[in-house]
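Here's the structure, in C-alpha coordinates; my notes come after.
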Amino acid sequence: MYKKVLTIHSIVSLIEELKELGTITQIKEKAELIQMTANSGYWERASFFDIENVRTQLRDLIKFIENPPRKIWNVDIEDTIIVDEEQKNINRDNFEDYKKKVKKFLEGNMDNLVIYKIKHNQILTEIEKEDLERIMFEELGNNKDFVEAFGDSNVVQVVRNLVGLDRETANQIFSKYINDNRLNSKQIQFIKQLKEYLIVNGIISLEKLREQPFSTIGSISDIFKDNINTFNEIKEDIEMINENTIKFA
(Lines give C-alpha, C1' and ligand atoms only; values in the text may rest on other atoms or scores of the structure.)
Protein backbone atom coordinates (compact mmCIF):
# COMPACT_ATOMS: atom_id res chain seq x y z
CA MET A 1 0.00 0.00 0.00
CA TYR A 2 1.23 3.49 -0.83
CA LYS A 3 2.27 5.18 2.45
CA LYS A 4 0.83 8.66 1.99
CA VAL A 5 -0.08 9.27 5.65
CA LEU A 6 3.52 9.81 6.66
CA THR A 7 3.85 12.87 4.40
CA ILE A 8 0.41 14.45 4.78
CA HIS A 9 1.51 17.08 7.31
CA SER A 10 4.48 18.22 5.24
CA ILE A 11 2.47 18.32 2.02
CA VAL A 12 -0.34 20.35 3.58
CA SER A 13 2.20 22.76 5.10
CA LEU A 14 3.76 23.24 1.67
CA ILE A 15 0.40 23.92 0.08
CA GLU A 16 -0.42 26.44 2.82
CA GLU A 17 2.71 28.34 1.82
CA LEU A 18 1.56 28.33 -1.80
CA LYS A 19 -1.80 29.79 -0.73
CA GLU A 20 0.01 32.75 0.79
CA LEU A 21 1.58 33.46 -2.60
CA GLY A 22 -1.78 33.66 -4.35
CA THR A 23 -0.95 36.88 -6.20
CA ILE A 24 1.55 35.08 -8.44
CA THR A 25 -0.03 34.32 -11.82
CA GLN A 26 1.08 30.67 -12.02
CA ILE A 27 -0.23 30.01 -8.52
CA LYS A 28 -3.54 31.77 -9.23
CA GLU A 29 -4.03 29.42 -12.18
CA LYS A 30 -3.84 26.46 -9.76
CA ALA A 31 -5.88 28.15 -7.00
CA GLU A 32 -8.74 25.65 -7.15
CA LEU A 33 -6.40 22.65 -6.88
CA ILE A 34 -4.39 24.29 -4.08
CA GLN A 35 -7.54 25.09 -2.12
CA MET A 36 -8.85 21.54 -2.49
CA THR A 37 -5.58 19.87 -1.46
CA ALA A 38 -4.93 22.17 1.51
CA ASN A 39 -7.35 20.04 3.52
CA SER A 40 -5.64 17.07 5.19
CA GLY A 41 -8.83 15.08 4.69
CA TYR A 42 -8.18 15.11 0.94
CA TRP A 43 -4.87 13.27 1.45
CA GLU A 44 -6.47 10.63 3.66
CA ARG A 45 -8.79 9.73 0.78
CA ALA A 46 -6.36 10.29 -2.11
CA SER A 47 -5.26 7.36 -4.24
CA PHE A 48 -1.77 6.88 -5.65
CA PHE A 49 -2.99 8.32 -8.95
CA ASP A 50 -4.47 11.40 -7.20
CA ILE A 51 -1.18 12.05 -5.40
CA GLU A 52 0.83 11.67 -8.60
CA ASN A 53 -1.50 14.07 -10.43
CA VAL A 54 -1.18 16.75 -7.72
CA ARG A 55 2.57 16.29 -7.56
CA THR A 56 3.04 16.86 -11.28
CA GLN A 57 0.71 19.88 -11.35
CA LEU A 58 2.26 21.66 -8.37
CA ARG A 59 5.94 20.71 -8.58
CA ASP A 60 6.85 23.72 -10.76
CA LEU A 61 5.32 26.09 -8.20
CA ILE A 62 7.64 25.10 -5.37
CA LYS A 63 10.30 27.47 -6.72
CA PHE A 64 8.11 30.41 -5.64
CA ILE A 65 8.39 29.48 -1.98
CA GLU A 66 11.21 31.50 -0.48
CA ASN A 67 12.99 29.76 2.36
CA PRO A 68 13.89 32.06 5.28
CA PRO A 69 17.58 33.13 5.29
CA ARG A 70 19.81 31.07 7.49
CA LYS A 71 22.47 32.53 9.75
CA ILE A 72 25.94 31.24 8.94
CA TRP A 73 28.13 30.34 11.87
CA ASN A 74 31.90 30.15 11.45
CA VAL A 75 33.37 27.65 13.87
CA ASP A 76 37.10 27.25 14.12
CA ILE A 77 37.81 23.90 15.73
CA GLU A 78 41.03 21.97 15.39
CA ASP A 79 40.47 18.27 15.53
CA THR A 80 42.18 15.10 14.46
CA ILE A 81 40.29 12.26 12.85
CA ILE A 82 41.98 8.93 12.55
CA VAL A 83 40.49 6.74 9.85
CA ASP A 84 41.54 3.13 9.72
CA GLU A 85 41.60 2.86 5.93
CA GLU A 86 42.94 -0.67 6.10
CA GLN A 87 39.99 -1.82 8.23
CA LYS A 88 37.52 -0.04 5.94
CA ASN A 89 39.03 -1.81 2.94
CA ILE A 90 38.89 -5.17 4.74
CA ASN A 91 35.18 -4.69 5.57
CA ARG A 92 34.42 -3.61 2.00
CA ASP A 93 36.29 -6.61 0.59
CA ASN A 94 34.46 -8.93 2.99
CA PHE A 95 30.95 -8.01 1.91
CA GLU A 96 31.97 -7.80 -1.77
CA ASP A 97 33.32 -11.35 -1.44
CA TYR A 98 30.07 -12.38 0.23
CA LYS A 99 28.04 -10.85 -2.62
CA LYS A 100 30.11 -12.79 -5.13
CA LYS A 101 29.55 -16.02 -3.18
CA VAL A 102 25.79 -15.45 -3.13
CA LYS A 103 25.65 -14.66 -6.86
CA LYS A 104 27.80 -17.69 -7.71
CA PHE A 105 25.61 -19.93 -5.55
CA LEU A 106 22.43 -18.69 -7.26
CA GLU A 107 23.88 -19.01 -10.77
CA GLY A 108 24.84 -22.62 -10.04
CA ASN A 109 21.50 -23.55 -8.46
CA MET A 110 18.84 -22.08 -10.74
CA ASP A 111 17.16 -25.49 -10.92
CA ASN A 112 16.91 -25.70 -7.12
CA LEU A 113 13.22 -25.83 -6.12
CA VAL A 114 13.45 -22.87 -3.74
CA ILE A 115 15.28 -20.65 -6.25
CA TYR A 116 12.88 -21.77 -8.98
CA LYS A 117 9.85 -20.83 -6.88
CA ILE A 118 11.27 -17.37 -6.08
CA LYS A 119 12.06 -16.65 -9.73
CA HIS A 120 8.60 -17.86 -10.82
CA ASN A 121 6.75 -15.68 -8.26
CA GLN A 122 5.64 -18.63 -6.15
CA ILE A 123 5.25 -18.38 -2.36
CA LEU A 124 7.72 -20.35 -0.23
CA THR A 125 6.87 -22.39 2.82
CA GLU A 126 8.40 -21.45 6.18
CA ILE A 127 10.68 -24.49 5.97
CA GLU A 128 11.93 -23.46 2.52
CA LYS A 129 12.60 -19.92 3.78
CA GLU A 130 14.50 -21.27 6.80
CA ASP A 131 16.59 -23.53 4.55
CA LEU A 132 17.47 -20.53 2.39
CA GLU A 133 18.40 -18.50 5.48
CA ARG A 134 20.64 -21.35 6.67
CA ILE A 135 22.55 -21.23 3.38
CA MET A 136 22.85 -17.43 3.42
CA PHE A 137 23.65 -17.03 7.13
CA GLU A 138 25.72 -20.17 7.79
CA GLU A 139 27.14 -21.75 4.63
CA LEU A 140 27.96 -18.68 2.52
CA GLY A 141 28.69 -16.29 5.40
CA ASN A 142 26.88 -14.97 8.43
CA ASN A 143 24.05 -12.59 9.29
CA LYS A 144 26.42 -9.61 9.53
CA ASP A 145 27.81 -10.30 6.05
CA PHE A 146 24.27 -10.45 4.69
CA VAL A 147 23.19 -7.13 6.26
CA GLU A 148 26.37 -5.35 5.14
CA ALA A 149 25.91 -6.61 1.59
CA PHE A 150 22.15 -6.30 1.17
CA GLY A 151 20.79 -4.07 3.95
CA ASP A 152 17.55 -4.94 5.74
CA SER A 153 15.91 -6.87 2.88
CA ASN A 154 14.82 -10.43 3.66
CA VAL A 155 16.51 -13.37 1.94
CA VAL A 156 13.66 -13.94 -0.52
CA GLN A 157 13.67 -10.30 -1.64
CA VAL A 158 17.44 -10.44 -2.14
CA VAL A 159 17.27 -13.64 -4.17
CA ARG A 160 14.39 -12.31 -6.32
CA ASN A 161 16.32 -9.10 -6.93
CA LEU A 162 19.38 -11.09 -8.05
CA VAL A 163 17.69 -13.75 -10.19
CA GLY A 164 14.88 -11.54 -11.51
CA LEU A 165 11.38 -12.58 -12.52
CA ASP A 166 10.93 -15.42 -14.97
CA ARG A 167 10.08 -14.04 -18.43
CA GLU A 168 7.19 -16.40 -19.06
CA THR A 169 5.77 -15.60 -15.63
CA ALA A 170 6.02 -11.87 -16.40
CA ASN A 171 4.34 -12.43 -19.76
CA GLN A 172 1.44 -14.21 -18.08
CA ILE A 173 0.95 -11.33 -15.64
CA PHE A 174 1.20 -8.45 -18.11
CA SER A 175 -0.02 -9.92 -21.43
CA LYS A 176 -3.61 -8.95 -20.59
CA TYR A 177 -2.58 -5.29 -20.78
CA ILE A 178 -0.37 -5.53 -23.85
CA ASN A 179 -3.15 -7.33 -25.76
CA ASP A 180 -5.79 -4.80 -24.69
CA ASN A 181 -6.67 -2.82 -27.82
CA ARG A 182 -8.14 -0.02 -25.66
CA LEU A 183 -4.66 1.07 -24.55
CA ASN A 184 -2.66 3.67 -26.46
CA SER A 185 0.97 3.35 -27.58
CA LYS A 186 2.40 5.18 -24.53
CA GLN A 187 0.52 2.92 -22.14
CA ILE A 188 1.70 -0.20 -23.97
CA GLN A 189 5.28 1.14 -23.95
CA PHE A 190 5.07 1.77 -20.19
CA ILE A 191 3.81 -1.77 -19.51
CA LYS A 192 6.51 -3.34 -21.69
CA GLN A 193 9.16 -1.30 -19.88
CA LEU A 194 7.72 -2.38 -16.53
CA LYS A 195 7.78 -6.03 -17.57
CA GLU A 196 11.41 -5.86 -18.74
CA TYR A 197 12.44 -4.09 -15.52
CA LEU A 198 10.87 -6.84 -13.41
CA ILE A 199 12.46 -9.60 -15.50
CA VAL A 200 15.87 -8.13 -14.62
CA ASN A 201 15.26 -6.80 -11.10
CA GLY A 202 12.49 -9.06 -9.77
CA ILE A 203 10.73 -6.41 -7.65
CA ILE A 204 9.91 -2.71 -7.99
CA SER A 205 8.69 0.07 -5.71
CA LEU A 206 5.91 2.42 -6.80
CA GLU A 207 8.32 5.32 -6.28
CA LYS A 208 10.60 3.87 -8.98
CA LEU A 209 7.82 4.44 -11.54
CA ARG A 210 8.57 8.18 -11.30
CA GLU A 211 12.24 7.67 -12.18
CA GLN A 212 14.28 6.45 -15.12
CA PRO A 213 13.63 4.55 -17.31
CA PHE A 214 9.88 5.20 -16.82
CA SER A 215 10.06 8.99 -16.62
CA THR A 216 11.32 9.13 -20.22
CA ILE A 217 7.90 7.91 -21.32
CA GLY A 218 6.10 10.49 -19.16
CA SER A 219 4.52 10.85 -15.73
CA ILE A 220 1.99 8.26 -14.62
CA SER A 221 -0.74 10.90 -14.41
CA ASP A 222 -0.05 11.86 -18.02
CA ILE A 223 0.27 8.33 -19.41
CA PHE A 224 -2.88 6.95 -17.72
CA LYS A 225 -4.98 10.12 -17.43
CA ASP A 226 -7.71 8.56 -19.58
CA ASN A 227 -7.36 5.06 -18.11
CA ILE A 228 -7.04 5.23 -14.32
CA ASN A 229 -8.65 1.81 -13.83
CA THR A 230 -5.94 0.10 -15.87
CA PHE A 231 -3.18 1.73 -13.83
CA ASN A 232 -4.88 0.62 -10.61
CA GLU A 233 -4.89 -2.95 -11.94
CA ILE A 234 -1.19 -2.67 -12.82
CA LYS A 235 -0.51 -1.34 -9.32
CA GLU A 236 -2.27 -4.37 -7.81
CA ASP A 237 -0.11 -6.72 -9.93
CA ILE A 238 3.06 -4.92 -8.79
CA GLU A 239 1.97 -5.24 -5.16
CA MET A 240 1.24 -8.95 -5.66
CA ILE A 241 4.69 -9.55 -7.18
CA ASN A 242 6.40 -7.71 -4.33
CA GLU A 243 4.26 -9.26 -1.59
CA ASN A 244 5.09 -12.78 -2.74
CA THR A 245 8.63 -12.18 -1.46
CA ILE A 246 7.49 -11.32 2.07
CA LYS A 247 4.65 -13.76 2.77
CA PHE A 248 5.02 -17.48 3.28
CA ALA A 249 2.73 -20.48 2.88
>> Just verifying a value: how many Å separate Leu132 CG and Leu124 CG, rounded to the nearest 0.5 Å?
In response: 7.0 Å
> How close do Ala170 and Leu165 get, heavy atom to heavy atom, and via which atoms?
Replying inline: CB-CD2, 3.9 Å
>> To the nearest 0.5 Å, what is the distance between CG on Asp226 and CG on Asn184?
In response: 6.0 Å
>> Treating Asp145 as the side-chain partner and Asn142 as the backbone partner, does any N or O pair qualify as donor plus acceptor under 3.5 Å?
In response: yes
> Who are the salt bridge (Lys or Arg N to Asp or Glu O under 4.0 Å) partners of Glu236, not counting sequence neighbours?
Replying inline: none
>> If hydrophobic clusters are built from ILVMFWY residues whose side chains come within less than 4.5 Å, do Ile178 and Ile223 share one?
In response: yes
> What's the shortest heavy-atom distance between Gln157 and Ser153, and which atoms?
Replying inline: OE1-CA, 3.5 Å
> Between atom CE of Met136 and atom CG of Asn154, what is the distance when rounded to the nearest 0.5 Å?
Replying inline: 10.5 Å
For residues 192-203, which side-chain donor-acceptor pairs fall under 3.5 Å, sequence neighbours excluded?
unit_1 : atom_1 : unit_2 : atom_2 : d
Lys195 : NZ     : Asn171 : OD1    : 2.8
Glu196 : OE1    : Arg167 : NH2    : 3.2
Glu196 : OE2    : Arg167 : NH1    : 2.9
Asn201 : ND2    : Tyr197 : O      : 3.0

> Is there a chain of hydrophobic side chains (I, L, V, M, F, W, Y, each step under 4.5 Å between heavy atoms) that links Ile135 to Val159?
Replying inline: yes
> Mind checking what makes side-chain hydrogen bond (donor to acceptor under 3.5 Å, both in side chains) contact with Glu168, not counting sequence neighbours?
Replying inline: none
>> Counting neighbours of CG on Asn179 that are heavy atoms of other residues, nucleotides or ligands and sit closer than 6.0 Å, is the number greater than 12?
In response: yes
> What pair of heavy atoms forms the shortest contact from Gln187 to Asn227, and how long is it?
Replying inline: NE2-CB, 3.6 Å
>> Measuring from atom CG of Leu206 to atom CD1 of Ile238, what distance do you get when rounded to the nearest 0.5 angstrom?
In response: 5.5 Å
> Taking only residues two or more places apart in sequence, or in another chain, which ones meet Lys30 in a side-chain hydrogen bond (donor to acceptor under 3.5 Å, both in side chains)?
Replying inline: Gln57
>> Could you see if Phe174 belongs to whatever hydrophobic cluster contains Met240? Use Ile, Leu, Val, Met, Phe, Trp, Tyr and a side-chain cutoff under 4.5 Å.
In response: yes
> What pairs with Asp131 under salt bridge (Lys or Arg N to Asp or Glu O under 4.0 Å), at least two apart in sequence or on another chain?
Replying inline: Arg134
> Of all residues at least two apart in sequence or in a different chain, which pass the side-chain hydrogen bond (donor to acceptor under 3.5 Å, both in side chains) check with Thr169?
Replying inline: Asp166
>> Which residues pass the side-chain contact (heavy atoms from CB on, under 4.5 Å) test with Gln189, not counting sequence neighbours?
In response: Ile217
>> Taking CD in Glu32 as the centre, count heavy atoms belonging to other residues, nucleotides or ligands within less than 6.0 Å. Is the count above 12?
In response: no
>> Minimum heavy-atom separation for Leu106 and Ile115, please, with both atom names.
In response: CD2-CD1, 3.6 Å
> Would Glu96 and Lys100 pass as an ion pair if we require N to O under 4.0 Å?
Replying inline: no
>> Pair Ile173, Asn121 - check side-chain contact (heavy atoms from CB on, under 4.5 Å), show working.
In response: CA-CA 10 Å; Ile173 295 170; Asn121 198 40; 4.1 Å; yes
>> Tell me if the CD1 atom of Ile24 is crowded by more than 12 foreign heavy atoms within 6.0 Å.
In response: yes
> If you look at every heavy atom in Phe137 and Val155, which pair is closest and at what distance?
Replying inline: CZ-CG1, 3.7 Å
> With Lys208, which residues qualify under salt bridge (Lys or Arg N to Asp or Glu O under 4.0 Å), at least two apart?
Replying inline: Glu211
>> Suppose we screen for salt bridge (Lys or Arg N to Asp or Glu O under 4.0 Å). Which residues come up paired with Lys225, at least two apart in sequence or across chains?
In response: Asp222
> Can you list every pair that meets ring pair (Phe, Tyr, Trp, His ring centres under 6.0 Å) and has a residue in residues 147-173, with sequence neighbours left out?
Replying inline: Phe146-Phe150
> Does some side-chain heavy atom of Phe214 sit less than 4.5 Å from a side-chain heavy atom of Ile220?
Replying inline: no
> What class does the angle between the rings of Phe231 and Phe224 fall in, given that below 30° is parallel, 30 to 60° is tilted and above 60° is perpendicular?
Replying inline: tilted
> Any side-chain donor-acceptor pair under 3.5 Å between Arg160 and Asn242?
Replying inline: no
>> As an exercise, state the distance from CG of Asn161 to CD1 of Ile118, rounded to the nearest 0.5 Å.
In response: 11.5 Å
>> Tell me every residue that passes side-chain contact (heavy atoms from CB on, under 4.5 Å) with Asp111, counting only those two or more places apart in sequence or in another chain.
In response: none
> For Asp237, which residues count as a side-chain hydrogen bond (donor to acceptor under 3.5 Å, both in side chains) partner, sequence neighbours excluded?
Replying inline: Lys176, Tyr177
>> As a quick check of understanding, evaluate side-chain contact (heavy atoms from CB on, under 4.5 Å) for Ile246 and Val156, giving each step before the final call.
In response: CA-CA 7 Å; Ile246 59 176; Val156 183; over 6 Å; no
> So how far is it from Leu140 CG to Lys104 NZ, rounded to the nearest 0.5 Å?
Replying inline: 11.0 Å
